[in-house]
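A short worksheet on the structure shown next.
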Amino acid sequence: MLALTPELCNVLHRELAPSPDDDPFFARCLRQSQLRLEVLAASLRPPSSSAAAAPLARVLPPPPSLPPQQELQVRLPQEPGAGGGSNPSGSKKRARAATEVVRATHLSPADHLRYRALVRRARLTFEALRSSYQRQETSSGLRNRHDLRASSQMLSAGHWLHREVRIVGDIPGVLVGDAFYYRAEICVVGLHTAPQAGIGYIPGSLLDEGHPVATSIVSSGGYLDDEDTGDVLVYTGSGGRQRNRVDHHADQTLERGNLALHNSYLYGVEVRVIRGHDIDQGPHRKVYVYDGLYRVISSTFGPGKSGHDVCKFKLVRLPGQDDLASKTWHTAKLLKESMDARIRPPRYISLDLSKGAEVLRVPVCNKLDDDRSPLLFDYIVHPEFPVPPAHAPVKQHRGCYCATGCGSKCRCERKNGGVPVYTEDETLVMGRPVVYECGALCGCPMTCVNRVTQRGMKHRLEVFRSNETGWGVRALDLIQPGAFVCEYTGHVVVMDDQPGSALMEGRSIIDPRRFPERWREWGDASAVEPNMKRRQFTKLAGPGYVLDVSHKRNVACYISHSCTPNVFLQFVLRGNEDESFPHLMVFAMETIPPMRELSIDYGIDGEIMELMGS
DNA sequence: GGCAATTCAGTATA
DNA sequence: CTATACTGAATTGC
């Protein structure tokens, strides 16, 4: 007989975590690393014989290793030994733009993961700052540029990535398909350098050849002569146009960015392409997606549609990269449409794993093999927590009395330390030991801001078979950071039920207490913004249960493990629910593009244990 | 080093 | 709701 000790509760089923090293990013980074070499080889062949051999670039050094703890930490600007003088928050002097030109090749998979962690942390910081600035009341009349405030703050605190080098080609840690809501955020991770300008380039003064060379462009379709079929992009140069206007009023010239892009053509230098798309959800109506490396195959100058002269550059996507976002997003859209029409796409083994129980259908896709195992489980939408025994003292009414929405005066809000838990667009403001939502006894309606997770899933997910992770979950919708994703459910096993009657050999157990406190990473910008004191929350006594997912489970059980996760677990209590039985709620901690796999930190690094028959 | 010029943003207002 | 006004920030290159 087995006692239900925490160690034993850490047991995870094989299919949930195929191996301790398993990390979706890991496998993919490996693949990308090989591609990068091919890409580099291709880019070293200049198309025109007159041009010099391919220029520039040393090799990017391996990334600094991150401290293991999860807390956000101030990363001081890279200062080699002495000099420089440390740059504590207030100093106005900023590090100069870098003078060293570098390509990121020959990075080991471990390097890729470390860079991914850096990028992830920079984006978490940006989002924390941005969202807190957005919530701050804007002083009268002034436009609230929370995005710019966040990025400048990070720049002066030394938190922009890759400030010490100019990178040609891929930015390590940024994956093809990564989505951003603001131009400022793109600058923070080093994908692009200009806050507004479309062409990012290295000035000629930094290169031996003496000519400026473009390394990145942002294409938002702002010019008349743009043409875009995905793999082939005709990009119009800068100038001759009023800001925010489409029509030209003057001729363009072959200077600055235009000249640099022309040189990229001559030298055969690869260019990062970021596309801007109009969308109807999210913090503002726009999203930018990194679409990978392109190469300029022609550069022309002459009259455009307006009659004025324009520079036109034809770019072709380099082969062997991950699928183009526009393509991926389109397949996601088709899938959703076909789902709505109840037509089962090929190789889908179910249109709805939950059989109607979930607010949104959860399709299951297996394009790899004959495994149909997800269909064998009972789907359970909500965990069944034990009802308190009848002889327990009758709890007094602990809900709030808000008739409409719950604001600052709401007693549930006060339980949360007086800080609102969710924003108006239903994203989590800050991770905490436990979130108190309004509950059954509260006077507020279901539409209350403080009932976000009770309204169920808002973003479509699908369960899919993959080479890297066995079964996994991916998003079909674009999910914005902080958004509620789904609940983690299974059969509730009360810990008091010792000794072991409930636990039998071979059970798959999820122990809520074993998840690392990744919520600490969400919404905390105290490392960069000293005014934002790190909040001290009262700790929740550990949950008094584990989930047995051997027979009953839901989508969440198929989420893969990663040490650079894009979703995290947040405990949630509603009204006066028993504190030993918090709900396990999954929230997004990144901007998750459609068809991107979800990953969560199960806290199993290198110490997975299996419960075998005795 | 200082400073003007540049820019496929983003927000608020009519 | 779309057009327009206007502030904005980092870089480049003089």
Side-chain angles (χ1 to χ4, degrees), chain A residues 92-99 126 130 133-134 136-156 160-163 166 180-207 210-228 233-250 252-261 263 271-280 282-289 291 304 306 310-313 315:
Chain A
K92 280 187 187 97
K93 260 284 190 282
R94 278 174 184 167
R96 276 251 210 78
T99 58
F126 177 86
R130 203 220 99 239
Y133 288 143
Q134 186 176 37
Q136 269 176 24
E137 295 137 40
T138 141
S139 44
S140 59
L142 269 173
R143 286 168 183 79
N144 188 0
R145 291 298 237 115
H146 40 260
D147 56 329
L148 295 182
R149 283 211 272 164
S151 68
S152 331
Q153 182 66 243
M154 285 181 74
L155 178 56
S156 46
W160 280 30
L161 262 33
H162 306 303
R163 289 292 289 173
R166 300 299 192 92
F180 305 81
Y181 283 111
Y182 292 90
R183 284 287 296 262
E185 190 180 5
I186 297 175
C187 295
V188 169
V189 300
L191 251 193
H192 195 67
T193 43
Q196 285 190 212
I199 304 173
Y201 64 98
I202 302 168
S205 57
L206 295 185
L207 299 170
H211 305 130
V213 167
T215 53
S216 60
I217 60 170
V218 177
S219 174
S220 302
Y223 283 81
L224 274 178
D225 298 283
D226 284 1
E227 291 169 41
D228 194 353
L233 168 65
V234 177
Y235 188 81
T236 314
S238 303
R241 201 190 61 153
Q242 294 275 17
R243 250 189 320 196
N244 281 347
R245 297 288 290 269
V246 183
D247 47 309
H248 291 256
H249 71 283
Q252 293 186 346
T253 55
L254 201 58
E255 300 173 314
R256 297 188 201 88
N258 297 349
L259 179 59
L261 207 41
N263 286 328
V271 176
R272 296 185 291 271
V273 170
I274 300 116
R275 279 193 180 77
H277 302 277
D278 294 320
I279 50 165
D280 39 349
H284 71 125
R285 310 272 93 107
K286 219 150 191 193
V287 70
Y288 298 93
V289 181
D291 277 336
S306 65
V310 291
C311 306
K312 288 211 279 185
F313 306 97
L315 293 99

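Each chain gets a letter, A, B and so on, in the order the sequences are listed, and its residues count up from 1.
- Within the 4.0 angstrom heavy-atom criterion, base atoms lie near Tyr235(A).
- A close approach under 4.0 Å does not occur between any side-chain nitrogen or oxygen of Ser151(A) and OP1 or OP2 of dA9(C).
- Of the possible polar contacts, one joining the His192(A) side chain to the Ala197(A) backbone as a donor-acceptor pair under 3.5 Å is found.
- Nearest-nucleotide positions on DNA chain C place Arg245(A) closer to the 5' end than the other of Arg245(A) and Tyr201(A).
- As a whole-Å value, the separation of Met154(A) CE from dA9(C) P is 16 Å.
- Between Leu233(A) atom CG and dC8(B) atom P there is a gap of 14 Å when expressed in whole angstrom units.
- Residue contacts for Arg145(A): at a heavy-atom cut-off of 4.0 Å it reaches a base atom on one of the strands shown.
- Among the nucleotides dA10(C), dC8(B), dG13(C), the one closest to any side-chain atom of Asp226(A) is dC8(B).
- In terms of phosphate contacts, Lys286(A) brings a side-chain nitrogen or oxygen within less than 4.0 Å of OP1 or OP2 of dA9(B).
- If you take OG on Ser306(A) and CG on Leu224(A), they are separated by 6.0 Å, rounding to the nearest 0.5 Å.
- Taking the side chain of Arg143(A) as heavy atoms from C-beta on, and the options dT12(C), dA12(B), dT7(B), the nearest nucleotide is dA12(B).
- In the set dT6(B), dT11(C), dG8(C), the nucleotide with an atom closest to the side chain of Arg243(A) is dG8(C).
- As a whole-Å value, the separation of Asp280(A) CG from dT2(C) P is 13 Å.
- When distances run from any side-chain atom of His284(A) to the nucleotides dG10(B), dA10(C), dA9(B), the shortest one goes to dG10(B).
- Within the model, atoms CZ of Phe126(A) and CE of Met154(A) stand 8.0 Å from one another, a figure rounded to the nearest 0.5 Å.
- A salt bridge does not link Asp147(A) to Arg183(A): none of the charged nitrogens lies less than 4.0 Å from a carboxylate oxygen.
- Of the two residues near DNA chain B, Gly221(A) and Pro283(A), the one whose nearest nucleotide lies more 5' is Gly221(A).
- Using the six-membered ring where Trp is involved, His146(A) and Tyr182(A) have ring planes that are perpendicular, over 60° apart on the 30 and 60° scheme.
- The residue Thr193(A) sits apart from the nucleic acid: no heavy atom pair falls under 4.0 Å.
- In this structure, the CG atom of Leu254(A) is 16 Å from the C1' atom of dG13(C), given to the nearest Å.
- Relative to the side chain of Asp147(A), the nucleotides dA9(C), dA12(B), dG10(B) differ in distance, and dG10(B) lies closest.
- Rounded to whole Å, the P atom of dG13(C) lies 15 Å from the corresponding atom of dC8(B).
- In this structure, Tyr182(A) does not reach the dG8(C) phosphate: none of its side-chain N or O atoms is under 4.0 Å from OP1 or OP2.
- Of the candidates dA9(C), dT12(C), dG10(B), the closest approach to any side-chain atom of Pro203(A) belongs to dT12(C).
- Heavy-atom distances to DNA chain C give each of Gln196(A) and Ser205(A) a nearest nucleotide, and the one nearer the 5′ end belongs to Gln196(A).
- For the pair Arg272(A) and Leu191(A), the tightest heavy-atom approach, listed with the atom from each and the gap, is NE-O, 2.8 Å.
- Rounding to whole angstrom units, CG of residue Leu148(A) and P of dT7(B) are separated by 18 Å.
- Within the 4.0 angstrom heavy-atom criterion, no nucleotide atom of any strand lies near His192(A).
- Across dA9(B), dT6(B), dT11(C), the shortest atom-to-atom separation from the side chain of Ser220(A) is found for dA9(B).
- Nearest to the side-chain atoms of Arg166(A) among the listed nucleotides dG8(C), dT12(C), dA10(C) stands dT12(C).
- Taking atom CZ on Arg130(A) and atom C1' on dG10(B), their separation rounds to 12 Å, with Å as the unit.
- Under the 3.5 Å distance criterion, the side-chain polar atoms of Asn258(A) are matched with a main-chain donor or acceptor of Ser238(A).
- The CD1 atom of Ile202(A) sits 9 Å away from the P atom of dT12(C) (whole-angstrom rounding).
- Atom CZ of Arg256(A) and atom P of dG13(C) are 8 Å apart (whole Å).
- With both pairing distances under 3.5 Å, dA10(C) is matched to dT6(B) as a Watson-Crick or G-U wobble pair.
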